[in-house]
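A short worksheet on the structure shown next.
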Number of protein chains: 2
Amino acid sequence: MPRAGLNRNRVAEEAAVMSDEVGLSRLTLATLAERLGVRQPSLYKHIDSMAGLHRDIAVHAKRALGEVLARASVGRSGPDAIAAMSHAYRDWAVTHPARYAASNLMPAPGDVEDEAVSVAAIQVIADVLTAYRLEGDDAVDAIRAFRSTLHGFVSYETAGAFRWSADVDVDRSFDRLVRGFIAALDSWAETSGHTLTTHLTTIGEDHDDRT
Amino acid sequence: MPRAGLNRNRVAEEAAVMSDEVGLSRLTLATLAERLGVRQPSLYKHIDSMAGLHRDIAVHAKRALGEVLARASVGRSGPDAIAAMSHAYRDWAVTHPARYAASNLMPAPGDVEDEAVSVAAIQVIADVLTAYRLEGDDAVDAIRAFRSTLHGFVSYETAGAFRWSADVDVDRSFDRLVRGFIAALDSWAETSGHTLTTHLTTIGEDHDDRT
DNA sequence: CAGAGAAGCTATTGACATTAGCCAAATGGG
DNA sequence: CCCATTTGGCTAATGTCAATAGCTTCTCTG
């Protein structure tokens with residue numbers, strides 16, 4: 001009968017911690033409740049559903065990642081900012097693998113809060129890339145390329161996919177990847193014939209797997 | 001009691017098809033059995049477990065993807081081969097999203113068959129990149145970079161993450177990404193101070209999430 | 001044509017998420 | 001301070017899965 005003093009944030013926070021320990025897919029309400037000193041159905045006073053809990057983790061994660069990226073790039077610009085942001089991104093993802101995975105979940109269609117933090121995080125990246133004077137479609141291409149590059153590397157790394165040839169330093173590989181991306185950006189900013197000035201707009205439907 | 005004529009391959013194949021339709025995480029033994037005209041527990045005559053079924057899907061997928069990549073790069077070399085391979089990779093992944101997700105699952109530690117097909121697929125990439133005379137650690141860096149680049153883009157695309165600014169052509173973005181990677185490779189092959197000649201070797205432990 | 005092994009089936013179990021319905025603890029207005 | 005309301009927690013029960021046990025029926029081989 002004494003109260004545990006839970007609330008939606010506390011639950012999401014502990015869920016995030018637990019997820020980072022055991023993996024997002026092994027986050028279970030039974031053990032989460034146990035960790036919070038409460039019976040399993042009691043969690044429903046603070047969450048809607050498992051999916052809702054995942055969403056809460058995702059929203060927190062997106063916010064945190066966005067802040068990390070912003071902090072890393074403040075005061076820098078151009079290649080310097082890109083490099084700093086890249087390393088901050090990777091560091092955060094590696095130390096919070098499940099939160100990172102959650103941060104890549106697409107917002108549900110009418111979820112304005114989730115949409116907002118998603119856009120905000122991407123906007124940090126967009127702002128940094130603007131240093132290359134890319135506009136319109138070119139900027140979108142660059143943002144997609146940058147996000148893809150980082151996400152691919154980090155998700156392989158957190159999945160342990162680089163244990164092939166484990167003796168080769170992963171830090172060095174990442175460093176070269178980032179340098180390579182910057183080089184690519186340079187070499188392509190010249191040749192680019194851009195047009196429109198489209199930008200981050202609306203959001204689509206649901207997602208699925210998250211591989 | 002007429003027999004359904006199932007076997008391990010047939011089950012894995014139908015599982016792969018169903019996964020591509022509904023998503024790997026929504027692959028369920030109940031509906032899989034139904035699709036195969038059999039009761040759910042009967043599947044266990046052909047599979048070990050859900051995890052085993054995922055492994056079977058993964059092995060098939062890795063083999064298929066490896067063949068697709070090999071076919072795309074045969075007769076080509078250098079940037080041409082990389083571009084062809086990249087587009088084949090993306091096309092296959094987009095048409096088989098769940099198989100693609102499965103293809104990124106790490107092999108379990110003693111699973112020699114899975115390890116073999118995994119290495120084989122990566123080896124196709126390694127062979128193509130060899131055209132740049134990258135050796136040892138440099139080659140490993142390049143392979144990691146290439147796989148990361150493709151995987152990041154494709155997994156975002158299949159997750160629907162590019163619906164931000166949906167009006168910008170995704171094909172074009174991919175094309176530029178690939179060109180950018182090639183440019184990066186060029187610009188870095190020059191500056192590279194390499195050393196060892198390490199290569200694809202052994203495999204590590206288990207995996208987890210597959211974001 | 002017997003009989004062994006493979007391939008199905010029904011019945012059960014156990015782990016989860018989720019819902020219903022009850023009761024106690026905070027809380028806040030008189 | 002006191003009671004009414006809201007809030008948070010609990011037990012019990014349900015439904016969906018994966019997984020196991022144990023029985024029956026094909027099927028194929030000697």
Side-chain angles (χ1 to χ4, degrees), chain A residues 1-59 98 101-102 105 108 111 206-210, chain B residues 1-59 98 101-102 105 108 111 206-210:
Chain A
M1 345 338 191
R3 297 230 170 153
L6 297 186
N7 56 51
R8 190 164 164 184
N9 271 300
R10 178 80 189 83
V11 170
E13 185 54 37
E14 186 65 28
V17 172
M18 176 178 166
S19 297
D20 282 332
E21 291 171 8
V22 305
L24 194 56
S25 62
R26 289 202 264 276
L27 170 65
T28 193
L29 293 186
T31 54
L32 176 60
E34 198 174 1
R35 290 172 67 128
L36 291 167
V38 123
R39 299 297 189 147
Q40 192 242 41
S42 305
L43 292 178
Y44 284 87
K45 296 289 166 156
H46 308 288
I47 67 173
D48 290 344
S49 65
M50 194 70 205
L53 181 57
H54 284 148
R55 189 221 85 121
D56 288 350
I57 296 172
V59 169
L105 295 174
D111 189 337
D206 218 303
H207 56 77
D208 177 31
D209 267 316
R210 102 192 40 300
Chain B
M1 316 52 163
R3 295 225 171 155
L6 297 185
N7 56 50
R8 189 163 164 184
N9 270 300
R10 178 80 188 84
V11 171
E13 185 55 38
E14 185 65 26
V17 172
M18 176 178 166
S19 296
D20 281 333
E21 291 171 8
V22 306
L24 194 56
S25 62
R26 290 203 263 275
L27 170 65
T28 192
L29 294 185
T31 54
L32 176 60
E34 198 175 358
R35 290 173 68 127
L36 290 167
V38 123
R39 300 296 190 144
Q40 188 244 45
S42 304
L43 291 178
Y44 284 88
K45 294 291 168 163
H46 309 287
I47 66 174
D48 291 344
S49 63
M50 194 71 206
L53 180 58
H54 284 147
R55 189 221 84 122
D56 288 349
I57 297 173
V59 169
L105 295 174
D111 189 337
D206 217 303
H207 54 79
D208 177 30
D209 267 318
R210 102 192 47 299

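Numbered from 1 within each chain, the chains take letters A, B, ... in sequence-line order.
- Protein atom CE of Met18(B) is 9 Å distant from nucleotide atom P of dC17(D), rounded to whole Å.
- For the pair Leu29(B) CG and dG8(C) C1', the interatomic distance rounds to 16 Å; values are reported in whole Å.
- The distance from atom CZ of Arg39(A) to atom P of dT7(D) is 24 Å, rounded to the nearest whole Å.
- Projected onto DNA chain C by closest heavy-atom contact, Leu6(B) and Asp48(A) fall at different nucleotides, the more 5' of which corresponds to Leu6(B).
- In this structure, the nucleotide among dT19(C), dA11(C), dG8(D) sitting nearest to the side chain of Pro41(B) is dA11(C).
- The separation between Arg8(B) atom CZ and dA7(C) atom C1' is 16 Å, rounded to whole Å.
- Residue His46(A) places at least one side-chain N or O under 4.0 Å from the OP1 or OP2 atom of dG9(D).
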Exercise for review: Output, in order, the C-alpha distance, side-chain angles, deciding distance and verdict of side-chain contact (heavy atoms from CB on, under 4.5 Å) for Leu27(A) and Met50(A).
Suggested key: CA-CA 9 Å; Leu27(A) 170 65; Met50(A) 194 70 205; 3.7 Å; yes

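- For dA7(C), neither phosphate oxygen OP1 nor OP2 lies less than 4.0 angstrom from any side-chain nitrogen or oxygen of Ser42(B).
- Atom-to-atom, CG of Leu43(A) to P of dG8(D) comes out at 13 Å; the value is rounded to the nearest Å.
- Looking at the side chain of Tyr44(A), the nearest of the listed nucleotides dA18(D), dT18(C), dG8(C) is dT18(C).
- When the C1' atom of dA18(D) is taken as reference, atom CZ of Arg26(B) falls 18 Å away, rounded to whole Å.
- Look at CD on Gln40(A): it is 14 Å from P on dA12(D), rounded to the nearest Å.
- Side chain of Thr28(A), nearest nucleotide from dT11(D), dA17(C), dA26(C): dA17(C).
- Atom CZ of Arg55(B) is separated from atom P of dA18(D) by 19 Å (rounded to the nearest Å).
- Side chains of Ile57(B) and Leu105(B) form no contact here, defined as non-hydrogen atoms less than 4.5 Å apart.
- Here the closest heavy-atom approach between residue Ala98(B) and residue Asp20(B) is recorded as N-OD1, 2.7 Å.
- Ranked by how close their nearest DNA chain C nucleotide is to the 5' end, Lys45(A) and Leu27(A) are led by Leu27(A).
- Remark: Leu6(A) CG to Lys45(A) NZ distance equals 12.5 Å, nearest 0.5 Å.
- Here the NE2-CG distance, from His46(B) to Asp56(B), works out to 12.0 Å after rounding to the nearest 0.5 Å.
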